Structure formats: C-alpha cells, structure tokens
Enquirer: 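Quick one: the structure is below, questions incoming.
Numbers restart at 1 for each chain; the letters A, B, ... are given by sequence-line order, proteins then strands. All of these numbers come straight from a predicted model, not from anything done at the bench. Any value given below was found using the heavy atoms of this structure, including those in side chains, with hydrogens, waters and symmetry copies removed.
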Amino acid sequence: MSENADFVPLLLDWFAQNRRDLPWRRTYDPYGVWVSEIMAQQTQLDRVAVYFERFMARFPSVAALASADETEVLKAWEGLGYYSRARNLLAAARRVMAEHDGRLPADFAALRALPGVGDYTAGAVAAIAHGQDHVAVDANVLRVLARVCDIDAPIKEPAGKAQATSLARELLPPGRARDYGEALMEFGALLCRPRNPDCPACPLAEHCAARRLNIVADRPVLSKSKDITPLNVATGVLVHAGRIFIQKRLPKGAWANLWEFPGGRIEAGETPEQAVVREFAEETGFATRVETKLAVIRHGYTTYRVTLHCCLLRLTDVPETAPLPEPTLTAAQESLWAAPDELSRYAFPAGHRKLIEQFGESLRGRASGGWGPEAPRPPTRRKG
DNA sequence: AATTCGTGGTT
DNA sequence: TAACCAAGAAT
C-alpha cells in the first residue's frame with residue numbers, strides 16, 4: 001500500500017491544471033451542486049451542462065422548484081432519461097421546504113434521507129458543496145482506485161465497491177474533500193478513462209499498481225455483461241379533427257408520468273400494422289386503421305434494443321367532422337387530444353420525441369386537413 | 001443480490 | 001456495428 005501513500009498531492013495538482021469549467025463549479029451553491037449531482041447520475045457531465053443551465057434558469061431555488069408542477073419538471077428533464085430522478089428531486093425539494101426551512105441540509109444523514117439521494121450523492125453534496133470530509137465514490141473513482149491500487153475484486157460488486165470506498169476514505173486529505181472528490185472523478189473521466197487511458201501522460205504512473213504489474217487492461221475487473229434483447233414495438237399517431245391523441249403513462253414503471261402515443265410490443269406473427277391497431281384498441285378502445293407508416297426509429301436502452309414502427313392512424317368509420325371521442329384507458333392515467341403545436345409542452349420518451357421532431361410538419365399538415373395521400377416523406381437516412 | 005430505470009456517445 | 005458505458009438509486 002505504500003506505493004499509494006502519496007499520489008494524492010499529484011492528483012490534486014493534476015486537477016488544478018485540468019479542471020473543466022462547468023456551470024455548477026462557479027459558486028458551488030448547495031442547491032446547484034445537488035441538482036448537478038442528480039442530473040449527473042449515469043450521465044456524462046458534458047451532456048448535463050445544457051440541461052443544468054436551463055433547469056437553474058427555470059427553477060433557481062429550492063422554493064422555486066418545490067412550487068413547480070411535476071409536468072414542468074419532467075419537461076425540463078425530457079431527453080435526460082431516468083425520469084424518477086426528476087420526480088424524486090421535486091419530492092425532495094418539497095420536503096426541504098417542509099422539514100428544513102427551505103435550505104438544503106448539510107448533514108450527510110439528512111441528505112441521505114431525501115428521495116433520490118444515495119450514498120454517492122449525499123457524499124458528493126456534503127463534500128463538494130459544504131467541504132465536509134466525505135467521499136463520493138462513483139464509477140470514475142471505482143475505476144481509478146481499481147487501477148492505482150490494484151483491486152482484484154469485480155469493481156461494481158459489493159466487495160469491490162467496499163474496498164474502493166474504504167481506500168477512498170483512507171486517502172482523503174482532511175479539509176480538502178471537495179478538490180479530492182472532484183479530482184478523482186475528473187481524473188477518471190478525462191485521463192484514466194474506461195477504454196483508452198492516457199497512461200503515457202499520467203502523473204500518477206509511478207504510483208499505479210496496475211501499470212507496474214502491466215495489467216492496466218485487466219483493471220478494473222468487470223462483471224459479466226448482460227445480453228440485450230431486441231424488441232419490436234409499434235406505436236400509432238391517431239389524428240382526428242385536427243388533433244392528435246396522446247396519453248399520460250402510469251405513475252410507476254418505465255417513463256412514469258410521461259406522455260406518449262399508444263402502442264406496444266409486436267407479437268410473433270403480427271405485422272407492425274396489425275400490432276398497432278390491436279394495441280390501440282386494447283389501450284384506448286378506439287377502432288383504428290393504419291393510413292401510412294411514418295417511420296422506423298431505432299433506439300436502445302440498457303437491456304433492450306427497440307425497433308419502433310410508427311404508424312399514422314385514423315378512426316375507423318368515423319367522419320372527420322365527428323366530435324373527439326373519449327377513450328377507455330387501460331394503460332394510462334389520463335389522455336387528451338392535442339393540437340399539433342401543443343405537443344412541445346409535454347415530456348415524451350426520446351423515441352416518441354424523435355418521431356414528433358421528424359414528422360411535426362407532416363402531422364401539422366395532416367391535422368389541419370390539408371394533406372392528400374402523398375404526405376412529405378422524411379429524409380431517408382441510410383448508412384452504407 | 002439482482003433488476004429496473006434512459007439516453008447518447010465512443011470504439 | 002455491436003458492445004460498452006456514464007459524477008446511481010430504489011426495490
């Protein structure tokens with residue numbers, strides 16, 4: 001362990017030279033640090049910055065956030081993923097108003113008790129916002145310590161995490177928790193990267209056990225990866241009397257409380273057109289037919305790789321002048337018929353948002369009744 | 001302990 | 001391109 005004893009000053013020097021200029025590093029006000037840490041979970045910082053600035057402009061304080069509608073908070077989160085983070089952040093803000101007089105607590109245990117705040121985030125806020133001697137062990141820290149200190153347990157499993165966390169605490173220079181925590185993470189993100197770490201430029205090279213043993217490629221030890229299931233899904237954009245049918249998803253599960261176009265899995269032996277008509281009937285009670293196929297959108301998420309077949313639907317045997325019908329919802333908590341321009345107000349999953357962006361013009365045209373059978377085609381973009 | 005929960009960038 | 005992965009938390 002002695003070879004690790006004094007790499008921390010070198011790490012702090014490196015950070016002083018390579019620290020990125022990020023918006024929440026301007027004042028380190030606790031609310032901003034908290035928001036940034038929630039946004040940063042499982043998300044790369046460069047992608048967070050834009051969302052952060054927009055979020056802070058709209059919800060500049062705990063009080064402003066606490067008094068907001070969830071719909072608006074989810075809209076601000078649209079595209080970031082893991083939407084329970086946004087719902088928990090709002091719930092936590094309301095609890096801070098009720099229980100902490102509107103000021104984010106500084107105490108680790110009080111932070112840790114807020115919804116959406118785990119060990120990492122509580123430590124990060126305590127250290128980065130308040131300068132308390134706590135560690136924030138994220139995936140960067142796990143990787144850096146696995147290499148520098150040669151941790152041979154699978155680093156994402158409890159034993160590996162425990163070793164890394166213990167080391168991180170031992171190495172923490174008292175009074176410098178903010179710089180130390182940010183430095184470990186920044187170092188992992190910029191230099192000691194997962195794939196191609198820049199060992200030749202590494203200021204810790206002489207202290208790195210993995211490098212000395214020539215096993216950098218074997219650290220950290222990874223767990224078995226899980227296979228990704230391909231999934232075919234059909235979704236329908238139902239247009240009637242100038243409006244588009246959307247529904248608000250249930251309050252639990254994937255994309256909770258976000259809006260969507262109804263649809264679902266394409267079963268074996270089904271065409272996308274058959275599936276979307278069936279799903280629409282199951283979820284809304286509406287009898288529909290496919291007018292055109294709008295797009296095939298591919299998007300992946302952690303355990304699935306989805307191919308989304310998007311169809312434009314019309315009500316069957318209902319004249320365009322008939323009033324907007326009421327659905328019988330089975331897979332949603334609420335629904336509405338939106339004017340095309342209103343779709344931008346609601347938070348949609350990324351795949352559905354892509355659909356709206358690609359076909360917004362076409363949908364506007366169709367909704368206003370001005371389109372014949374040959375609607376404008378999207379630019380077909382095929383590689384190779 | 002193992003799953004679930006998104007999305008986009010990188011290699 | 002397919003696989004991997006990111007300033008994790010909740011269940």
Enquirer: May I have the distance from A:R47 (atom CZ) to C:dG8 (atom P), rounded to whole angstrom?
Expert: 14 Å

Enquirer: What integer distance in Å separates A:I155:CD1 from C:dG8:P?
Expert: 14 Å

Enquirer: Report which part of the nucleic acid A:K156 touches: base, sugar-phosphate, or nothing (heavy-atom distance under 4.0 Å, all strands).
Expert: sugar-phosphate

Enquirer: When we call it a touch if two heavy atoms are under 4.0 Å apart, what does A:G79 touch: a base, just sugar-phosphate, or nothing?
Expert: sugar-phosphate

Enquirer: Over all strands shown, is A:E157 touching base, sugar-phosphate only, or nothing at heavy-atom distances under 4.0 angstrom?
Expert: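 No contact.
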
Enquirer: Here's a test of your reading of the structure: between A:S36 and A:R305, which maps to the more 5' nucleotide of DNA chain C?
Expert: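 This one resolves to A:R305.
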
Enquirer: Can you sort out the partners of A:F59 under ring pair (Phe, Tyr, Trp, His ring centres under 6.0 Å), two or more places apart, ordered by chain and number?
Expert: A:F55

Enquirer: If you look at every strand shown and take non-hydrogen atoms under 4.0 Å, does A:R178 touch a base, only sugar-phosphate, or nothing?
Expert: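 Touches nothing.
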
Enquirer: What is the separation between atom CZ on A:R87 and atom C1' on C:dA9, rounded to the nearest whole Å?
Expert: 13 Å

Enquirer: Tell me, please, the opening and closing nucleotides of DNA chain B, 5' to 3', among those with an atom under 4.0 angstrom from a non-hydrogen atom of chain A.
Expert: B:dA1 to B:dT11

Enquirer: Using a cut-off of strictly less than 4.0 Å, decide whether A:R143 has a side-chain nitrogen or oxygen near OP1 or OP2 of C:dA6.
Expert: yes

Enquirer: Would you indicate what A:D46 reaches in the nucleic acid, counting non-hydrogen atoms under 4.0 angstrom: base, sugar-phosphate, or nothing?
Expert: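 The residue A:D46 makes no contact with any strand.
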
Enquirer: Can you tell me, in whole Å, how much space there is between the P of C:dA7 and that of B:dT3?
Expert: 24 Å

Enquirer: Please work out if A:A350 contacts a base, only the sugar-phosphate, or nothing of the nucleic acid, heavy-atom cut-off 4.0 Å.
Expert: sugar-phosphate

Enquirer: Ignoring backbone atoms, establish whether A:T43 has a side-chain N or O less than 4.0 Å from OP1 or OP2 of C:dA6.
Expert: no

Enquirer: Please give the distance between the C1' atoms of C:dA9 and B:dA1 as a whole number of Å.
Expert: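 After rounding to an integer number of Å, I get 15 Å for this pair.
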
Enquirer: Within the structure shown, what part of the strands sits under 4.0 Å from A:Q44 by heavy-atom distance: base, sugar-phosphate, or nothing?
Expert: sugar-phosphate

Enquirer: Rounding to an integer number of Å, can you tell me how far A:Y83 OH sits from C:dA9 C1'?
Expert: 17 Å

Enquirer: For residues 135-171 of chain A, which residue pairs qualify under ring-ring contact (aromatic ring centres under 6.0 Å, His included), counting only residues two or more places apart or in two chains?
Expert: none

Enquirer: What does A:A254 touch in the nucleic acid at a heavy-atom separation under 4.0 angstrom: a base, only the sugar-phosphate, or nothing?
Expert: sugar-phosphate

Enquirer: Could you walk me through whether A:R353 and A:E357 pass salt bridge (charged side-chain N to carboxylate O under 4.0 Å, His left out), step by step?
Expert: CA-CA 6 Å; A:R353 176 53 63 189; A:E357 296 311 315; 3.3 Å; yes

Enquirer: Using the closest heavy atom to pick a nucleotide of DNA chain C for each, name whichever of A:N88 or A:L22 lands nearer the 5' end.
Expert: A:L22

Enquirer: To the nearest angstrom, how far is A:D179 atom CG from C:dA7 atom C1'?
Expert: 15 Å

Enquirer: Does A:R195 make a side-chain donor-acceptor contact with the base of C:dC5, cut-off 3.5 Å?
Expert: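 Absent.
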
Enquirer: Say whether, by atom type as modelled, one donor and one acceptor occur between the side chain of A:T330 and the main chain of A:E282 under 3.5 angstrom.
Expert: yes

Enquirer: Rounded to whole angstrom, note down the C1' distance from B:dG8 over to C:dT1.
Expert: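 Per the computed distance, 16 Å lies between those C1' atoms.
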
Enquirer: Any salt bridge linking A:K75 with A:E78? Criterion: basic side-chain nitrogen under 4.0 Å from a carboxylate oxygen.
Expert: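 Salt bridge between A:K75 and A:E78, a charged N being under 4.0 Å from a carboxylate O: yes.
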
Enquirer: With a non-hydrogen cut-off below 4.0 angstrom, is A:G253 in contact with a base, only sugar-phosphate, or nothing?
Expert: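 It contacts sugar-phosphate atoms only.
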
Enquirer: Toward the 5' end of DNA chain B, which comes first, A:Q41 or A:P158, by nearest nucleotide?
Expert: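 The 5'-side residue here is A:P158.
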
Enquirer: Please report the distance, rounded to the nearest Å, between OH in A:Y120 and C1' in C:dA10.
Expert: 18 Å

Enquirer: Answer with base, sugar-phosphate or nothing: what part of the nucleic acid does A:L80 contact at a heavy-atom distance below 4.0 Å?
Expert: base

Enquirer: Taking the six-membered ring for Trp, are A:F7 and A:H207 parallel (under 30°), tilted (30 to 60°) or perpendicular (over 60°)?
Expert: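 If you compare the ring of A:F7 with that of A:H207, the planes turn out tilted.
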
Enquirer: In this structure, which one of A:T235, A:I266, A:N232, A:L308 forms a side chain to side chain contact (heavy atoms under 4.5 Å, CB included) with A:P272?
Expert: A:I266

Enquirer: Could you tell me how far apart A:Q42 (CD) and C:dA6 (P) are, to the nearest whole angstrom?
Expert: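 After rounding, the gap between these two atoms is 7 Å.
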
Enquirer: Counting only side-chain heavy atoms from C-beta out, which of C:dA7, C:dC5, C:dG8 sits nearest to A:Y82?
Expert: C:dG8

Enquirer: If you find the nucleotide of DNA chain B closest to A:R193 and the one closest to A:G351, which residue's nucleotide is nearer the 5' end?
Expert: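 Nearer the 5' end of the strand: A:G351.
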
Enquirer: Passes salt bridge (charged side-chain N to carboxylate O under 4.0 Å, His left out), A:R314 versus A:E320? Steps please.
Expert: CA-CA 9 Å; A:R314 297 284 185 178; A:E320 191 69 16; 3.6 Å; yes

Enquirer: Do you see a donor-acceptor pair shorter than 3.5 Å between the side chains of A:Q41 and A:Y120?
Expert: no

Enquirer: Please confirm whether the ring centroid of A:F261 lies under 6.0 Å from the ring centroid of A:F348.
Expert: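 Ring centres of A:F348 and A:F261 closer than 6.0 Å.
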
Enquirer: Roughly, in whole Å, what's the span from CH2 in A:W34 to C1' in C:dA9?
Expert: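 Taking CH2 of A:W34 and C1' of C:dA9, I get 14 Å after rounding.
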
Enquirer: At 4.0 Å (heavy atoms only), tell me whether A:V141 reaches a base, stays on the sugar-phosphate, or touches nothing.
Expert: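 Contact class for A:V141: none.
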
Enquirer: Touch check for A:S84, heavy atoms < 4.0 angstrom, all strands: base, sugar-phosphate only, or nothing?
Expert: nothing

Enquirer: Quick check for you: among C:dA6, C:dA7, C:dG8, whose closest atom lies nearest to any side-chain atom of A:T121?
Expert: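 Closest nucleotide among those given: C:dG8.
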
